[in-house]
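First comes the structure, then the notes that go with it.
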Amino acid sequence: MGYSSNLYEKTESAAEAFGVAAVLVNYRVSGEHLIRGFLSGFQEQNNGQETKLNDGYIGWVNNGFWRKGKVLTIGQQIRGVFPSSKNSYRRDEKLLGVTVAPSFMFNLTPVGLRGVTLIYQPQFNKNAHRLEQNRQFQNNTSYNVNQSLALVWSITDHIYLQNSFIYAMAWSYGGVKRPDSYQFFYEAGYSFNSGMTWSLGVSNSGPIRSFENGNDQTIELFNNKTASVYTDLTFVF
């Protein structure tokens, strides 16, 4: 469960803060082969108290699919995404989504960076909708590609620092490309024990566009007009 709030000036149409809760269930089939189910929801604290769901998924996970010594570990996730959010099943009339997300984890200890891990994960998503346009006459997203890069430093057995970057690309039906977008996360966390972790971070995101008239929108490491602060408390049973 967690909480998020904007750092920039609030407006009537912008959510001031979010309360977030998520449930992740793993069933170990054998070895490192898992069946995983995930569902999350949120509440906009200044726009009423209605609880809203995000899209969930059920999939196969193997985070130790292949190893090269102690340096490289390749993992794999394949998910079936079901439209549990109101926007997906009501507005977009989404039927199903399929995600393939391999992961590449590099242990940098052998090169002298003790406790440092570099994680790269490309994510390929394909969606199926009843119609190519949603109920608001906007083109639905046919498929998208996200690429994430995370650098994790385990300072001690309990304390870690993590910087993450996500670059997202999407295409509507008919191959029409949408503007790219990005997200940065700067996070610190503390593990109380093997079952509970608390984290605090700042995120920054935005679109990437080029305009014929006016300033371009490009990648920014931080912008107090678009950034949010968040905190999470995770329990593992």
Side-chain angles (χ1 to χ4, degrees), residues 4-9 11 13-15 18 20 38 40 42 52 54-57 59 74-81 83 85-88 91-106 118-129 131-152 162-187 201-230:
S4 174
S5 179
N6 301 329
L7 293 178
Y8 50 89
E9 183 179 356
T11 65
S13 60
F18 294 91
V20 182
F38 179 81
S40 65
F42 65 95
K52 301 178 181 179
N54 297 309
D55 286 354
Y57 68 81
I74 298 178
Q76 176 65 60
Q77 297 188 34
I78 299 177
R79 311 170 193 150
V81 182
S85 72
K86 186 180 295 185
N87 283 344
S88 287
R91 183 195 65 188
D92 300 339
E93 299 184 89
K94 184 177 179 178
L95 302 175
L96 182 67
V98 176
T99 299
V100 177
S103 61
F104 304 84
M105 293 169 282
F106 299 90
L118 181 67
I119 304 171
Y120 169 66
Q121 184 174 55
Q123 182 172 292
F124 308 91
N125 310 290
K126 181 68 178 76
N127 300 312
H129 297 84
L131 297 172
E132 294 186 0
Q133 285 191 332
N134 64 21
R135 290 181 178 270
Q136 296 179 353
F137 303 103
Q138 298 172 333
N139 291 330
N140 283 317
T141 299
S142 175
Y143 63 98
N144 54 291
V145 178
N146 298 338
Q147 299 187 73
S148 65
L149 189 66
L151 187 65
V152 184
Q162 179 173 327
N163 290 335
S164 303
F165 173 68
I166 301 174
Y167 192 97
M169 299 176 288
W171 290 262
S172 302
Y173 287 91
V176 179
K177 193 173 186 301
R178 295 187 167 183
D180 297 347
S181 62
Y182 70 92
Q183 285 183 293
F184 278 106
F185 296 91
Y186 310 97
E187 181 177 302
V202 176
S203 65
N204 185 57
S205 61
I208 303 173
R209 297 186 179 125
S210 296
F211 297 103
E212 293 183 5
N213 300 310
N215 295 326
D216 293 347
Q217 291 175 304
T218 57
I219 295 175
E220 296 178 303
L221 292 175
F222 180 80
N223 187 329
N224 59 7
K225 295 181 180 180
T226 58
S228 298
V229 62
Y230 64 90

Just by modelled atom types, is the [Y] backbone N or O under 3.5 Å from a matching donor or acceptor in the [X] side chain?
X: Tyr173; Y: His129; result: yes
X: Tyr182; Y: Glu220; result: yes
X: Asp55; Y: Pro83; result: no
X: Asp92; Y: Lys94; result: no
X: Ser148; Y: Gln121; result: yes
X: Asn127; Y: Thr141; result: yes

Give me the atom names and distance for the closest heavy-atom approach of [X] to [Y].
X: Tyr167; Y: Asp180; result: OH-OD2, 2.7 Å
X: Ser164; Y: Ala150; result: OG-CB, 3.6 Å
X: Val145; Y: Trp171; result: CG2-CZ3, 4.0 Å

Could you please spell out the steps behind the side-chain contact (heavy atoms from CB on, under 4.5 Å) verdict for Lys52 and Ser85?
CA-CA 7 Å; Lys52 301 178 181 179; Ser85 72; over 6 Å; no
Euclidean distance, [Y] [atom2] relative to [X] [atom1], rounded to 0.5 Å:
X: Tyr120; Y: Phe106; atom1: OH; atom2: CZ; answer: 10.0 Å
X: Ser205; Y: Phe185; atom1: OG; atom2: CZ; answer: 7.5 Å
X: Asn140; Y: Arg91; atom1: CG; atom2: CZ; answer: 8.0 Å
X: Asn139; Y: Leu131; atom1: CG; atom2: CG; answer: 11.5 Å
X: Asn134; Y: Ser88; atom1: CG; atom2: OG; answer: 10.5 Å
X: Arg135; Y: Glu93; atom1: CZ; atom2: CD; answer: 4.0 Å

Answer yes or no: is there a side-chain heavy-atom contact under 4.5 Å between [X] and [Y]?
X: Lys126; Y: Ser142; result: yes
X: Phe165; Y: Leu151; result: no
X: Asn163; Y: Leu149; result: no
X: Phe104; Y: Ile74; result: yes
X: Gln123; Y: Thr99; result: yes

In chain order, what residues pass the side-chain hydrogen bond (donor to acceptor under 3.5 Å, both in side chains) check against Gln183, with sequence neighbours excluded?
none
Listed by chain and number, what are the side-chain hydrogen bond (donor to acceptor under 3.5 Å, both in side chains) partners of Asn204, not counting sequence neighbours?
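Checked Asn204 against side-chain hydrogen bond (donor to acceptor under 3.5 Å, both in side chains); matches are Thr226.
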For the residue pair Tyr186 and Phe184, does the interplanar ring angle fall in the parallel (under 30°), tilted (30 to 60°) or perpendicular (over 60°) class?
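Geometry flag for Phe184 against Tyr186: parallel rings.
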